[in-house]
Amino acid sequence: MAKHTSWKVGGPARYFFEPRDCEDLTAFLQSLDVQVPVLWLGLGSNLLVRDGGFEGAVIAAHRGLRTMKHLGEGYLMAEAGVSCARFSRFAGRYGWTGAEFLAGVPGTMGGALAMNAGAFGGETWDMVEEVDLVDREGVFHRRPARSFAVSYRRVEIPKAHWFTAGYFKLGEGLEKGETITVRSLLQKRAESQPVRQSSAGSVFRNPLGDHA
Ligand SMILES: Cc1cc2nc3c(=O)[nH]c(=O)nc-3n(C[C@H](O)[C@H](O)[C@H](O)COP(=O)(O)OP(=O)(O)OC[C@H]3O[C@@H](n4cnc5c(N)ncnc54)[C@H](O)[C@@H]3O)c2cc1C
């Protein structure tokens with residue numbers, strides 16, 4: 001797993017599966033012995049795997065579940081494997097605001113949903129309307145945002161369920177304004193964080209009303 005985590009550490013997984021699409025994911029989960037534990041992998045930017053590895057199946061979505069859709073009126077869909085940076089650019093291209101902070105988060109949208117990723121005052125779940133999840137039997141479920149307990153970098157996800165897509169509502173932007181904001185946020189990040197070194201970002205919580 002060392003190749004798949006930003007810490008660049010972690011022993012081998014028993015199985016490593018990259019679904020081509022949702023049907024492929026269902027087929028895999030249905031074929032997998034129910035006793036085999038599953039670990040969902042985004043871009044591994046908030047994941048510490050021990051040297052002994054993972055005695056189960058790792059599902060890596062970032063090559064297969066990569067669809068994004070503009071559904072109109074600031075309503076966007078992104079599959080779990082879409083990178084946060086790509087989603088942020090996609091939203092900006094259509095002139096919608098609210099996802100600029102994601103430009104510098106080095107994970108997937110699935111990881112952002114699981115962690116309630118946030119930066120510079122923005123948080124993933126501020127934008128979420130609905131999500132799709134898959135369960136251990138490979139069955140898909142659509143759930144409204146209100147059915148999840150969400151807090152700072154924490155989301156309560158039903159056991160053995162994983163996000164496969166999110167539906168996000170963004171706001172109207174000023175023309176070209178979002179591009180400038182993204183650039184300034186990335187610059188601020190580069191000036192204040194060792195972005196080129198191996199890490200998992202912050203290993204602390206910001207105190208209430210303040211940040212590092
Ligand atoms: C340099 C650097 C800067 C960072 N800056 C920020 C920041 O500004 N703000 C911030 O919030 N975080 C930041 N992080 C942490 C990290 O990028 C985020 O937590 C990100 O959301 C993790 O996404 P990922 O796809 O890499 O998830 P992973 O690290 O692959 O997974 C993290 C956890 O989420 C679970 N998970 C992943 N995808 C899913 C899914 N689809 N369904 C269910 N569970 C899932 C995994 O099993 C694991 O438990 C930073 C990390 C680094 C290395």
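Remember, it's 1-based here, ligands and their atoms both numbered in the order they're listed. Keep in mind that what you see is a predicted model, and the values were worked out from it rather than measured.
- Residues Met77 and Thr67 come closest through the heavy atom pair SD-O, 4.0 Å.
- The structure places OG1 of Thr124 at 5.0 Å from CG of Leu102, a figure rounded to the nearest 0.5 Å.
- Residue pairs meeting the side-chain hydrogen bond (donor to acceptor under 3.5 Å, both in side chains) criterion with at least one member in residues 103-120, sequence neighbours excluded: Asn116-Glu123.
- The nearest non-hydrogen atom to atom 21 (O) of ligand 1, considering only Cys84, Gly166, Gly111, comes from Gly111.
- Within ligand 1, counting atoms from 1 as listed, the ones closer than 4.0 Å to a heavy atom of Leu39 are 47 (O).
- In the hydrophobic clustering of ILVMFWY residues, with side-chain heavy atoms under 4.5 Å counting as a link, Phe87 and Phe101 come out together.
- At under 3.5 Å, not a single nitrogen or oxygen of Asn116, backbone or side chain, sits near a nitrogen or oxygen of ligand 1.
- Near Gly107, meaning under 4.0 Å from one of its heavy atoms, ligand 1 places the atoms 23 (O), 24 (P), 25 (O), 26 (O).
- Residue Arg153 touches ligand 1 through its side chain alone, judged by heavy-atom distances below 4.0 Å.
- Using cut-offs of 30° and 60° for the angle between ring planes, the Phe163 and Phe148 rings count as tilted.
- In terms of polar-atom proximity, defined here as any N/O pair under 3.5 Å, His161 makes no such contact with ligand 1.
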*Val38 and Tyr15: side chain to side chain contact (heavy atoms under 4.5 Å, CB included), yes or no, with the steps?*
CA-CA 9 Å; Val38 169; Tyr15 304 111; over 6 Å; no
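- Interatomic distance, Asp126 CG to Lys169 NZ, rounded to the nearest 0.5 Å: 14.5 Å.
- Counting the atoms of ligand 1 from 1 in the order shown, those under 4.0 Å from a heavy atom of Gly42 are 25 (O), 28 (P), 30 (O).
- Every atom of ligand 1 with a heavy atom of Ala119 under 4.0 Å away is listed here by number and element: 8 (O).
- Considering backbone and side-chain atoms alike, Gly118 places an N or O below 3.5 Å from some N or O of ligand 1.
- Inclusion of Leu43 in the set of residues having an N or O under 3.5 Å from an N or O of ligand 1 is warranted.
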Using a 3.5 Å cut-off and no angle test, enumerate the donor-acceptor pairs between side-chain atoms of residues 48-57 and protein atoms at least two apart in sequence or in another chain.
| unit_1 | atom_1 | unit_2 | atom_2 | d |
| --- | --- | --- | --- | --- |
| Glu55 | OE2 | Arg14 | NH1 | 3.3 |

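- At a 3.5 angstrom cut-off on N or O pairs, Asn46 counts as close to ligand 1.
- Contact atoms of ligand 1 toward Leu47: 29 (O), 48 (C) (distance under 4.0 Å to a heavy atom of the residue).
- Neither Met1 nor Trp162 shares a network with the other; the hydrophobic side chains, linked directly or stepwise wherever heavy atoms of I, L, V, M, F, W or Y lie under 4.5 Å apart, form separate groups for each.
- Below 3.5 Å of separation, one finds no N or O of Ala117 facing any N or O of ligand 1.
- Under 4.0 Å from ligand 1, not a single heavy atom of Leu113 appears.
- Taking a cut-off of under 4.0 Å to the non-hydrogen atoms of Ala112, the atoms of ligand 1 that pass are 21 (O).
- Centroid-to-centroid, the aromatic rings of His4 and Phe16 come within less than 6.0 Å.
- Residue contacts with ligand 1: Gly44 is placed with a nitrogen or oxygen under 3.5 Å of a nitrogen or oxygen of the ligand (distance criterion only).
- With hydrophobic clusters built from ILVMFWY side chains whose heavy atoms lie under 4.5 angstrom apart, Leu170 shares a cluster with Met68.
- Contacts with ligand 1 closer than 4.0 Å are made by side-chain heavy atoms of Ala114 only, the backbone lying farther away.
- Inclusion of Thr108 in the set of residues having an N or O under 3.5 Å from an N or O of ligand 1 is warranted.
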